[in-house]
Amino acid sequence: MVDNEFLYGYSSVLIAVVLFLVIIVFNEVGFVSGRYVQSRTDDEVKTLTGSIQASILGLLALLLGFTFSMAMQRYDNRTMALIDEANTMGTAMLRAQLLPGEYQTKADNTLRDYIRLRVEMGQVDLTRVDVRSDYQRQIVALQNQLWGITLAATETDPRPVTTGSFLQSLNAMIDAQGKRNALLQLHVPESILLLLFVVFIASGSIMGYSAGLSGKRMVVPIVLVSLLITLIVFTIIDLDRPKRGLIQVDQNVMSALLKQAR
């Protein structure tokens, strides 16, 4: 999914800076256009322009709130998925002690390697596809090893209270890993972000045009509003970028689990 997205390849800081500069440029274009038609525009048209400006700003506020909610929800889902996976791996470590002695050691060692790989993979940028693919191959190999150990242990001890409990925890651990990987690929649709940028630029233009019709520059208010909206857009983009932006899901729970496993 990342490969099909244009904006994901660029830094969220760069996008925010470019967006702010574009807004300022279009605001100036709007101001010059407003000054040009000022003498040929009556009060009724100026009032109508103010109403249009308020409508566009209202639409911008609606889109900002909607998009921020989407990004925040995805961030929360990734956080909960991380906690769920850590819990399932911790449960698997505890239930490995129920296996017959010869299999218990193998399962413990394999689980330690598995947790280490999951922690390391969690620190790799999503744009480093080759590195993440290599980690994923190693993780799948360890999952197969754990499954093989469980099948062998089942032949020795088929009781559901012992080996069966570990089998259930292993299934939950694998499912949690798949769910977390899937959530990493979910982002706010790029078309919504582009629509937000278009409305943002249109808002800057209409504010400049309205100021031009009045014949008075409002540099400080317009720059301040543009800066605040740009910061909100930056936060939305950054929240929506797992392993990529400045705002990251806290990995301490996984690090603590790795220390416990060691």
Side-chain angles (χ1 to χ4, degrees), residues 1-5 7-16 63-95 111-129 131-136 138-140 142-143 146 168-193 196 229-262:
M1 180 174 180
V2 172
D3 294 337
N4 298 327
E5 295 182 353
L7 294 176
Y8 201 86
Y10 298 95
S11 166
S12 52
V13 176
L14 176 62
I15 294 174
L63 284 174
L64 282 173
F66 173 71
T67 311
F68 185 86
S69 177
M70 290 182 64
M72 194 67 204
Q73 182 180 17
R74 282 159 172 74
Y75 177 83
D76 289 339
N77 289 341
R78 291 193 297 269
T79 300
M80 294 307 301
L82 172 68
I83 295 174
D84 290 342
E85 184 181 11
N87 288 338
T88 57
M89 288 192 292
T91 301
M93 288 176 55
L94 293 175
R95 293 186 179 181
L111 279 172
R112 289 192 187 97
D113 292 337
Y114 181 86
I115 295 172
R116 176 182 56 80
L117 287 177
R118 289 299 293 154
V119 172
E120 292 177 358
M121 185 177 180
Q123 299 170 350
V124 178
D125 193 326
L126 287 185
T127 57
R128 301 176 64 185
V129 179
V131 177
R132 291 186 65 86
S133 296
D134 183 60
Y135 271 112
Q136 185 62 28
Q138 297 180 58
I139 288 171
V140 171
L142 290 179
Q143 288 176 347
L146 286 169
Q168 292 177 359
S169 63
L170 180 60
N171 281 331
M173 184 183 75
I174 295 174
D175 291 344
Q177 185 255 349
K179 178 181 178 181
R180 185 180 168 202
N181 285 346
L183 287 173
L184 289 176
Q185 302 299 323
L186 295 180
H187 309 288
V188 174
E190 198 167 78
S191 57
I192 294 180
L193 291 177
L196 181 63
I229 297 178
T230 301
L231 289 176
I232 297 175
V233 172
F234 165 76
T235 303
I236 291 172
I237 296 174
D238 215 56
L239 275 173
D240 197 47
R241 294 184 164 201
K243 320 296 180 190
R244 173 77 172 146
L246 301 178
I247 303 175
Q248 298 291 329
V249 173
D250 192 350
Q251 303 285 326
N252 286 338
V253 63
M254 294 290 285
S255 301
L257 181 65
L258 180 59
K259 291 179 181 180
Q260 178 184 345
R262 288 174 175 170

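All values reported here derive from a predicted model rather than from experimental measurement. Note that these values count all heavy atoms, side chains included, but never hydrogens, waters or copies made by symmetry.
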Considering non-hydrogen atoms only, spot the tightest contact between [X] and [Y] and give its length.
X	Y	result
Asp240	His187	O-ND1, 2.9 Å
Ile115	Met89	CG1-SD, 3.8 Å
Arg112	Leu258	O-CD1, 4.4 Å
Asp238	Ser12	OD1-OG, 2.8 Å
Ser169	Ala92	OG-CA, 3.6 Å
Val253	Ala86	CG2-CB, 3.8 Å

Original post:
Counting distance only, does the side-chain N/O of Tyr75 pair as donor-acceptor with the main-chain N or O of Arg241 below 3.5 Å?
Top reply: no

Original post:
If only atom types and distance count, is the side chain of Ser69 paired as donor or acceptor with the main-chain N or O of Gly65 below 3.5 Å?
Top reply: no

Side-chain touch [X]/[Y], heavy atoms, less than 4.5 angstrom:
X	Y	result
Thr79	Asp250	no
Leu193	Ile236	yes
Leu239	Phe68	yes
Gln177	Gln136	yes
Val249	Arg180	no
Gln251	Val119	no
Asn77	Met80	no
Gln138	Met121	no

**OP:** Any chance you could lay out the side-chain contact (heavy atoms from CB on, under 4.5 Å) test for Leu64 and Val233, step after step, and finish with the verdict?
**Re:** CA-CA 7 Å; Leu64 282 173; Val233 172; 3.9 Å; yes

In Å and rounded to the nearest 0.5 Å, what is the [atom1] to [atom2] distance from [X] to [Y]?
X	Y	atom1	atom2	answer
Arg95	Leu170	CZ	CG	11.0 Å
Tyr114	Met93	OH	CE	13.5 Å
Leu183	Asp76	CG	CG	11.5 Å
Leu142	Leu117	CG	CG	5.5 Å
Leu82	Asn87	CG	CG	9.5 Å

**OP:** Tell me, with the steps shown, if Leu257 and Arg118 meet side-chain contact (heavy atoms from CB on, under 4.5 Å).
**Re:** CA-CA 11 Å; Leu257 181 65; Arg118 289 299 293 154; over 6 Å; no

Subject >> side-chain contact (heavy atoms from CB on, under 4.5 Å) between Lys179 and Asp175, worked out >> reply: CA-CA 6 Å; Lys179 178 181 178 181; Asp175 291 344; over 6 Å; no

